[in-house]
Undergrad: 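What follows is a single structure, and I will ask about it in a moment.
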2 protein chains.
Amino acid sequence: MSLTADAADRPTLYKRIRADIEKRILTGEWPPGHRIPFEHELVARYGCSRMTVNKALSELAQADLIERRRRAGSFVRRPQHQSAVLKIADIRAEITALGRSYGYELIGRKLRAATAADRDRLGVKKAGKVVAIACRHSADNVPFAVEDRLIDLSSVPNAATADFSREPPGSWLLHHVPSTEAEHTISAIVADDRTAEALDIAVGAPCLVIDRYTWRSARTITAVRLLYPGDSHRLVARFKGG
Amino acid sequence: MSLTADAADRPTLYKRIRADIEKRILTGEWPPGHRIPFEHELVARYGCSRMTVNKALSELAQADLIERRRRAGSFVRRPQHQSAVLKIADIRAEITALGRSYGYELIGRKLRAATAADRDRLGVKKAGKVVAIACRHSADNVPFAVEDRLIDLSSVPNAATADFSREPPGSWLLHHVPSTEAEHTISAIVADDRTAEALDIAVGAPCLVIDRYTWRSARTITAVRLLYPGDSHRLVARFKGG
DNA sequence: TTGACTTATATGTCTAGACATATAATCGTA
DNA sequence: TACGATTATATGTCTAGACATATAAGTCAA
């Protein structure tokens with residue numbers, strides 16, 4: 001009765017159930033640890049089948065807002081201790097998203113047998129060939145970031161002949177290597193002579209550093225270090241809920 | 001037949017379907033844009049009901065791995081342009097997770113009517129009272145981060161009388177204010193005299209800066225700036241899939 | 001008190017249907 | 001050719017059941 005009669009064009013039922021519960025959690029009405037009603041109670045309250053409330057609760061569980069325990073019930077999870085999520089975008093996308101013009105410039109490219117330092121950076125043990133690339137990204141013709149990259153040719157042989165003078169290696173890899181996993185490390189340094197010159201900032205000025213290490217099913221692909229002027233560049237992360 | 005007879009103790013069917021598809025996407029066998037089999041085809045292939053394959057596909061859609069379009073089918077989504085997720089943990093948790101001892105020290109606390117600068121920092125227009133707190137976190141008795149925080153008392157009146165000499169304001173807020181939203185900005189600066197002294201580093205040394213602005217349903221709660229020694233502290237972000 | 005066994009129950013998964021709905025494709029018409 | 005109406009179809013949601021399974025709680029004996 002409540003389904004078609006007075007529903008008008010509200011969201012679907014399971015979404016409304018999910019939103020109802022989410023709201024109570026987010027407002028603190030149901031604090032962490034609180035047991036939310038059993039499925040059969042929600043079935044009675046909303047006058048629907050169990051599959052419908054189950055779908056709502058499953059999605060809340062997937063979003064880590066609640067924890068479900070057999071025989072015991074479903075419980076509001078305690079917040080993940082002020083954790084947040086930061087999106088590190090592709091540089092070109094980042095710049096164009098700001099409505100600025102993107103510029104790219106290859107500084108240097110070398111093909112060589114991996115040195116001990118290279119192997120260390122890539123986290124591989126065996127010797128092999130690598131491409132080392134240095135390049136610069138700019139926004140509205142102002143240096144935006146300098147990139148220092150190593151690509152493992154044993155994983156990406158095509159990279160040996162790729163033309164990085166026009167296409168940034170990041171974009172190239174994105175289009176030539178299927179989905180990968182990556183680990184980022186963010187830190188801060190002060191600019192040395194070379195960095196200062198490349199970024200057109202003062203020696204000793206602060207720089208934000210992003211080190212990204214990328215692999216694909218246990219095979220190292222690439223290691224890259226990005227340097228941004230620390231006072232002008234900012235990474236923004238938003239966090240919502242639980 | 002295939003369910004109980006030869007299944008042994010493999011994962012449940014819908015999970016297996018989801019994993020099968022996910023694998024093909026991640027290995028590149030089904031590249032971005034590829035149309036994955038229709039539900040009724042998967043029903044035939046796995047010999048199950050449509051609800052089962054629907055559950056698998058719905059979860060893949062929720063994870064942004066595929067896009068579902070009515071009448072057209074389900075398609076592999078193109079990767080989210082090298083975006084990543086970074087967890088910014090609570091400092092105490094961060095330190096104890098590293099197996100180091102956590103130390104906390106209140107440097108200063110002031111209750112005052114909000115100055116123009118305070119209001120700007122909190123993003124509020126009306127005048128009101130605020131608490132300004134300066135404190136320091138340490139790991140194994142070595143300075144780990146200095147914190148400079150502003151709490152809006154019109155949103156959190158209790159904070160006026162809270163004892164921040166033993167409990168860090170971050171933990172206190174976590175326990176006294178229900179779920180909030182936050183925005184983080186990460187940048188780099190060089191240490192000035194005061195910062196250098198507080199962190200026991202050299203003047204001019206690089207520092208990682210996290211500015212966090214927290215609100216709750218359109219009400220500002222707190223604004224905090226955390227300064228970390230840039231060469232020793234690192235934020236690590238992992239990225240998987242897509 | 002402790003440990004082993006039993007039972008009750010909430011969640012987990014699944015089915016074989018149903019109708020709703022957005023939209024790609026087709027067809028007819030101006 | 002271009003546009004508007006129609007149709008076919010894949011997904012979206014939902015039902016009223018079913019059995020599986022982990023486990024909290026109760027029971028009983030050592």
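Letters A, B, ... mirror the listed sequences (proteins, then strands); counts begin at 1.
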Undergrad: Is it the case that B:R69 places NZ or CZ above or below the six-membered ring of B:F75, under 6.0 angstrom from the centre and within 45 degrees of the axis?
TA: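 Flagged: B:R69 positioned over aromatic ring of B:F75.
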
Undergrad: Below 4.0 angstrom from OP1 or OP2 of D:dG12, is there any side-chain N or O of B:R68?
TA: yes

Undergrad: Answer yes or no: side-chain N or O of A:R50 and base N or O of C:dG12 forming a donor-acceptor pair under 3.5 Å.
TA: yes

Undergrad: Quick one: B:H40 NE2 to C:dA16 C1', roughly how many Å, whole number?
TA: 17 Å

Undergrad: Could you please spell out the steps behind the side chain to side chain contact (heavy atoms under 4.5 Å, CB included) verdict for B:L227 and B:V209?
TA: CA-CA 5 Å; B:L227 287 172; B:V209 186; 3.5 Å; yes

Undergrad: Report yes if at least one side-chain N or O of B:T52 is closer than 4.0 Å to OP1 or OP2 of C:dT15; otherwise report no.
TA: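 Answer yes for this pair, as a side-chain N or O of B:T52 is under 4.0 Å from OP1 or OP2.
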
Undergrad: Specify the residue among B:F38 and A:S49 whose closest nucleotide of DNA chain D lies further upstream toward the 5′ end.
TA: B:F38

Undergrad: Tell me if a side-chain donor or acceptor on A:T180 pairs with a main-chain N or O of A:T214 at a distance below 3.5 Å.
TA: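 No; zero donor-acceptor contacts below 3.5 Å.
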
Undergrad: Could you check whether the side chain of A:R70 and the base of D:dT23 have a donor-acceptor pair of N or O atoms closer than 3.5 Å, going by distance alone?
TA: no

Undergrad: Begin from the C-alpha positions of B:Y228 and A:S187 and carry the test side-chain hydrogen bond (donor to acceptor under 3.5 Å, both in side chains) through to its verdict.
TA: CA-CA 9 Å; B:Y228 300 82; A:S187 55; over 6 Å; no

Undergrad: What is the separation between atom CD1 on B:I66 and atom C1' on D:dA10, rounded to the nearest whole Å?
TA: 13 Å

Undergrad: When you check the phosphate oxygens OP1 and OP2 of C:dT13, does a side-chain N or O of B:K55 lie under 4.0 Å from one of them?
TA: yes

Undergrad: Quiz question: going by heavy-atom distance under 3.5 Å, is there a donor-acceptor pair between the base of D:dA8 and the side chain of B:R71?
TA: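 Side chain to base: pair found, below 3.5 Å.
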
Undergrad: It should be established whether A:K15 places a side-chain nitrogen or oxygen under 4.0 Å from OP1 or OP2 of nucleotide D:dG12.
TA: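 For D:dG12, OP1/OP2 do not have a side-chain N/O of A:K15 under 4.0 Å.
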
Undergrad: To the nearest Å, give me how far apart CG (A:L13) and P (D:dT15) are.
TA: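 Between P of D:dT15 and CG of A:L13: 7 Å.
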
Undergrad: For C:dT11, does OP1 or OP2 lie under 4.0 Å from any side-chain N or O of A:S74?
TA: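 Checking C:dT11 against A:S74, a side-chain N or O does come within under 4.0 Å of OP1 or OP2.
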
